[in-house]
Amino acid sequence: MTGLSTRALAWIAAAMAVVFLGALWAAGSGPSAGPPAATGSVRLGPDPGQDVAGYLAGLPATLPAPGVSVPALVQFTRPLALSDAAAAGSGTTTTTAVFRVPFDRVQTALRFEPVTGTGDPAAALGVARERAAYAAEADADRAARDGGGAATPEARAALTRRAAVAAAERRALADPGCACVVALVVTADRAGLEALAARPGVRGVQAAPAGTGAPELALSPLLPEQTTTASPPPDDGPVP
């Protein structure tokens with residue numbers, strides 16, 4: 001009986017040691033003290049259905065204090081070619097280009113591409129344009145593949161149209177002269193953003209709050225054809 005009790009005590013002691021070591025591991029592997037990571041997003045662009053005139057009128061109030069650099073969404077009155085977009089963003093650091101192929105009464109995708117490199121801004125936008133073209137090609141292939149397995153004629157027709165639109169986008173974006181830049185994300189201080197907002201072709205500049213990082217941004221630029229409300233454009237025209 002005494003041997004059994006000793007053995008039982010040994011098992012209990014071992015179990016308690018395992019629990020204790022496990023508690024130490026859990027404490028050591030938990031999050032360190034400090035401020036929590038940001039979990040929200042900062043929207044740049046109008047809300048769905050928002051009045052365009054009211055949205056544009058409120059943009060100057062978003063500009064930062066003098067000397068403070070922040071990310072900002074630059075929205076154009078019309079889609080720009082690469083050289084024009086580079087000129088519009090001169091004097092700032094461009095981090096993202098927003099491409100959209102303008103087809104009459106056909107909804108096309110907004111394509112957000114990073115702009116990297118410290119050389120010629122137009123060349124950097126050209127690399128971003130090529131990535132947007134590759135993305136459109138991938139979208140076309142995916143929609144065509146999904147259309148083959150669509151469950152209903154309506155779904156098959158929708159996917160067939162989506163594939164045709166994406167293929168047309170790819171062809172347009174493959175042209176170095178494509179006027180397809182509808183917005184830029186730049187980083188600049190108040191003086192730089194005010195100068196940018198006054199340039200021809202710039203419709204509006206919305207700045208993010210100071211301290212906002214790029215991962216926190218949620219981009220929804222105003223489209224050139226949205227003149228009264230920020231509502232979806234029509235999608236009843238023929239695919240080019």
Side-chain angles (χ1 to χ4, degrees), residues 42 44-45 56 59 62-64 66-103 108-140 165-208 210-225 240:
V42 177
L44 293 183
L56 293 174
L59 296 188
T62 69
L63 297 180
V68 178
S69 292
V70 297
L73 179 65
V74 184
Q75 301 157 103
F76 300 128
T77 58
R78 59 183 175 82
L80 298 183
L82 301 184
S83 58
D84 295 332
S90 63
T92 67
T93 300
T94 299
T95 58
T96 302
V98 185
F99 295 90
R100 181 176 179 270
V101 178
F103 291 149
T108 53
L110 286 168
R111 303 190 181 277
F112 305 87
E113 296 293 341
V115 178
T116 58
T118 57
D120 180 8
L125 285 172
V127 174
R129 174 193 56 78
E130 291 173 355
R131 286 197 301 267
Y134 294 145
E137 182 175 21
D139 286 349
V165 171
E169 289 180 77
R170 183 204 62 78
R171 291 191 295 271
L173 288 164
D175 179 3
C178 178
C180 300
V181 183
V182 296
L184 297 174
V185 178
V186 305
T187 301
D189 62 10
R190 184 185 185 97
L193 294 177
E194 286 178 334
L196 197 158
R199 289 174 183 164
V202 175
R203 192 178 186 188
V205 176
Q206 181 179 4
T212 301
E216 297 174 85
L217 298 179
L219 306 174
S220 182
L222 187 65
L223 302 180
E225 62 265 39

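When reading the values below, keep in mind they use all heavy atoms of this one structure, side chains included, and skip hydrogens, waters and symmetry mates. This chain uses plain numbering: 1 for the first residue, then up along the sequence. Keep in mind it's a predicted model, so treat the numbers as computed, not measured.
When all heavy atoms are compared, the tightest approach of Ala174 to Ala133 is N-CB, 4.2 Å. Across all their heavy atoms, Ala179 and Pro79 have their closest contact at O-CB, 3.2 Å. Residues Asp84 and Arg78 share a closest heavy-atom pair of OD2-NH2, 4.5 Å. Scanning all heavy atoms of the two residues, the minimum distance from Ala208 to Val42 falls at CB-CG1, 4.2 Å.
Leu173 places a side-chain heavy atom less than 4.5 Å from the side chain of Cys180. Looking at heavy atoms from C-beta onward, Leu73 lies out of side-chain contact with Leu217 at the 4.5 angstrom threshold. Residues Val186 and Thr93 are not in side-chain contact: their nearest non-hydrogen atoms beyond the backbone lie 4.5 Å or more apart. Val74 has its side chain within reach of Val202: a pair of non-hydrogen atoms, C-beta onward, lies under 4.5 Å apart. The closest side-chain heavy-atom distance from Leu184 to Leu125 is below 4.5 Å. Looking at heavy atoms from C-beta onward, Thr96 lies out of side-chain contact with Thr94 at the 4.5 angstrom threshold. Annotation: side chain of Pro102 is not in contact with side chain of Pro224 (no heavy-atom distance under 4.5 Å). Looking only at side-chain heavy atoms (C-beta outward), Leu223 and Leu110 come within less than 4.5 Å of each other.
A donor-acceptor contact shorter than 3.5 Å links the side chain of Arg199 to the backbone of Ala88. With Gln75 contributing its side chain and Ala183 its backbone, the two residues share no donor-acceptor pair below 3.5 Å. Judged by distance alone, with hydrogens and angles left aside, the side-chain atoms of Gln206 form no donor-acceptor pair with the main-chain N or O of Leu59 at under 3.5 Å.
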Would you please test Thr95 and Val115 for side chain to side chain contact (heavy atoms under 4.5 Å, CB included) and show each step?
CA-CA 5 Å; Thr95 58; Val115 178; over 6 Å; no
Query - Criterion side chain to side chain contact (heavy atoms under 4.5 Å, CB included) on Thr92 and Thr187, from CA distance to verdict - result: CA-CA 6 Å; Thr92 67; Thr187 301; over 6 Å; no
Run the side chain to side chain contact (heavy atoms under 4.5 Å, CB included) test on Val182 and Phe99 for me, step by step, so that the C-alpha distance in whole Å, both residues' side-chain angles and the decisive distance to 0.1 Å come before the verdict. CA-CA 6 Å; Val182 296; Phe99 295 90; over 6 Å; no
What donor-acceptor contacts under 3.5 angstrom involve side-chain atoms of residues 188-198, with partners at least two apart or in another chain?
| unit_1 | atom_1 | unit_2 | atom_2 | d |
| --- | --- | --- | --- | --- |
| Asp189 | OD1 | Ala191 | N | 3.4 |
| Asp189 | OD1 | Gly192 | N | 2.9 |
| Arg190 | NE | Glu194 | OE2 | 3.1 |
| Arg190 | NH1 | Leu63 | O | 3.4 |
| Arg190 | NH1 | Pro64 | O | 2.9 |

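Note on Arg100 versus Glu225: salt bridge recorded, some NZ/NE/NH1/NH2 to OD/OE distance being below 4.0 Å. The pair Arg111-Glu169 counts as a salt bridge, with a side-chain nitrogen and a carboxylate oxygen less than 4.0 angstrom apart.
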